[in-house]
Amino acid sequence: MSKSNEILKDIEAPQDVDALMAEFDRESNTRHFEGVPKYIVRALLVGFTVYVFWMTLIATPPEQVRRASFIGILIFLAFLLYPMRKHQSKRVNHVPWYDLAMGVIGGVSFFYYVVNFETIVNRAVNITTIDAVIGIVGTLLLAEACRRVVGFPILVVAGAFIAYAFGSGYSLNRIVHQLFYTTDGIIGTPLGVCSTFIVLFIILGSFLEKTGIGTFFIDIANSVAGFASGGPAKVAVISSALEGMYSGSSVANTVGSGSVTIPIMKKIGYKPEFAAAVEAAASTGGQIMPPIMGAAAFLMAEMTNTPYAVIAVSAILPAVLYFTGIFMMIHFEAKKLGLKGLPKEEIPNFFKLFFRKGYLFLPIVVLVVLMSIGKTPALAACYAILTAIVVSMFSKETRMTPKVFAEALEGGAKNTIGVAVACAIAGIIVGIVTLTGLGQDLLNVLMAVANNNLLLALFLTMIACIILGMGVPTTANYVIMATITAPIVVQMGVPVLAAHMFVFYFGIVADITPPVALAAYAGAAIANSNPLKTGITATRLAITAFIVPYIFALNPAMLFIDTTPFEVIRIIVTSLIGIFAISAGMEGYMFTHMKWWERLLCIPGGLLLIEPMLWTDITGLTLIAVAVVLQIVAKKRGQFIAAGA
């Protein structure tokens with residue numbers, strides 16, 4: 001038994017993890033099957049993963065055929081696994097006839113394109129009435145599958161874009177052709193990347209879970225930070241950062257690791273809202289954690305035409321600053337409340353743990369090394385999966401039997417459904433933007449409102465990203481941001497990679513930003529805390545995520561773009577000092593409790609360090625230095641008074 005599990009023996013049992021996932025993560029709210037139906041469904045899901053490997057590594061069909069068949073199969077699986085309403089998932093072995101019918105019709109609609117691919121391509125935009133009807137039916141059933149698996153918000157956005165196309169005078173046939181029969185619509189780049197790269201990384205994540213790497217990450221985090229002030233909260237940050245980079249879901253990460261970390265945080269004295277917020281903020285940050293970044297790194301490489309290795313390296317400093325900010329907030333809160341770490345006997349030894357289970361890192365090492373030397377993401381993912389299978393054999397507890405192997409393939413297929421249908425719907429948005437030129441219209445409006453003020457343009461873009469990102473999965477979220485808002489930032493003079501990172505960050509933080517803060521609400525359910533207060537606290541803890549994107553948009557040196565070593569060092573130092581000051585000001589504690597005027601010095605001082613100019617750096621550092629001196633004096637005065645008493 002791991003140390004983390006031993007620690008939990010004296011803590012109240014958290015709510016059922018599967019029930020929480022079904023409540024807050026629509027992708028986990030699947031039907032339950034037992035007996036023969038269970039094995040039939042498993043066989044279908046395993047068959048899909050085998051099809052993915054065959055189509056990606058062996059077959060060489062036209063791209064349209066591969067993408068259409070991919071989404072056609074997944075639509076059938078979506079209607080088979082996901083009920084029309086949440087409560088219907090509780091009935092065992094129950095699949096209504098109309099769900100089977102919709103699944104078959106939805107799948108057939110896309111396979112109609114597969115079978116008639118050459119004929120339809122030769123017709124160009126002149127599709128027949130049958131083509132149009134099948135395209136409409138397929139699109140509507142895709143939308144219903146997305147509603148069941150992902151949720152309603154992304155459909156509202158896609159519907160608004162389609163309405164705009166009709167309002168712009170485009171005919172029904174023209175819109176159907178664009179969305180259903182071209183690679184600028186449903187089977188566009190987002191679905192192409194999903195069917196080629198992302199699906200394999202989702203399957204890799206499923207295999208990694210079977211190796212027990214999640215528990216290993218928690219144990220490693222305990223060995224590193226469990227002893228420190230407020231240790232369990234710092235453990236939550238480290239473990240969630242590690243787990244989140246491959247999980248691809250802020251909610252899944254919050255529930256998975258939060259079911260262990262949140263009760264421990266409450267036990268040592270953190271308020272329920274704060275404990276839940278720590279886990280939600282850290283889990284959301286896992287999506288920006290290189291090298292995988294919740295699979296968005298591969299989409300970004302495709303959409304920016306930038307090598308994956310460059311993106312992974314560029315994401316390092318922003319991620320470090322993000323988690324440093326959360327760490328500092330946690331530390332100041334712990335000092336303010338006088339919280340201690342875990343007892344020494346409950347903390348595993350790092351070196352013993354690493355030498356005993358460090359091999360679990362090997363799949364990720366293999367992945368990063370292969371990607372860095374130029375291998376394709378698909379090939380790197382496949383080798384990483386093989387490595388995960390091999391390392392699972394090193395321990396009797398994690399040894400991958402044929403049953404466990406099938407479960408890993410099944411889990412990978414299940415987890416692919418939500419991402420794929422979301423990418424397909426995101427393709428609708430891309431298609432309408434391409435068809436109507438809406439992106440240029442949005443750019444003109446924003447430029448007029450911002451009046452060529454870059455900071456104002458970035459602020460307006462941030463608001464748009466947070467609104468559009470609410471309730472949307474990581475990958476689809478990024479596609480929408482990259483299509484609608486990134487070109488606007490680029491037009492304002494921000495480098496392409498920095499612009500895409502900027503919109504990606506603010507799309508991600510929608511998971512903890514009220515009113516639709518799904519990760520924060522999932523954490524609140526585990527902690528039995530107020531959901532809205534938890535969301536507000538998580539937003540405060542993740543304040544760095546609202547600052548760092550402005551730093552690299554205004555000064556791309558943070559992303560190692562057109563810079564020198566000296567410039568990189570300067571931006572790191574000023575950023576860390578700024579985050580330290582802002583964290584202290586937000587918490588109201590540095591070396592001792594802060595007066596309101598000390599906080600007033602820290603927060604503006606930290607914000608001034610964002611602007612990469614000499615006078616702002618000098619002013620910010622001066623304000624922070626004054627606050628630090630005042631805090632040192634106040635602490636010594638307090639110690640003197642305490643000693644005299």
Got [X] and [Y] here, is their nearest side-chain heavy-atom distance under 4.5 Å?
X	Y	value
I130	Y112	yes
L172	V176	yes
N173	T129	no
C146	I154	yes
T416	F70	yes

Counting distance only, does the side-chain N/O of [X] pair as donor-acceptor with the main-chain N or O of [Y] below 3.5 Å?
X	Y	answer
Y170	L435	yes
Q178	G431	yes
Y113	F180	no
S206	A408	yes
N93	E34	yes
T539	I512	yes
R147	M84	yes
R31	L80	yes

Under 3.5 Å side-chain donor-acceptor pair for [X] and [Y]:
X	Y	value
D99	Y82	no
D441	Y164	yes
T128	D131	yes
R66	T196	yes

Inset, instruction - Count the heavy atoms belonging to other residues, nucleotides or ligands that lie under 6.0 Å from CG of N122, then report whether that count exceeds 12. - result: yes
Legend entry - Option from T436, V430, L438 for which side chain to side chain contact (heavy atoms under 4.5 Å, CB included) with F161 holds: L438
Legend entry - Reference residue L409; test side chain to side chain contact (heavy atoms under 4.5 Å, CB included); the match among L45, T49, I385: T49
Legend entry - Nearest atoms (heavy-atom pairs only) where P61 meets A59: CD-C, 3.4 Å
Legend entry - F207/F405 aromatic ring centres below 6.0 Å: yes
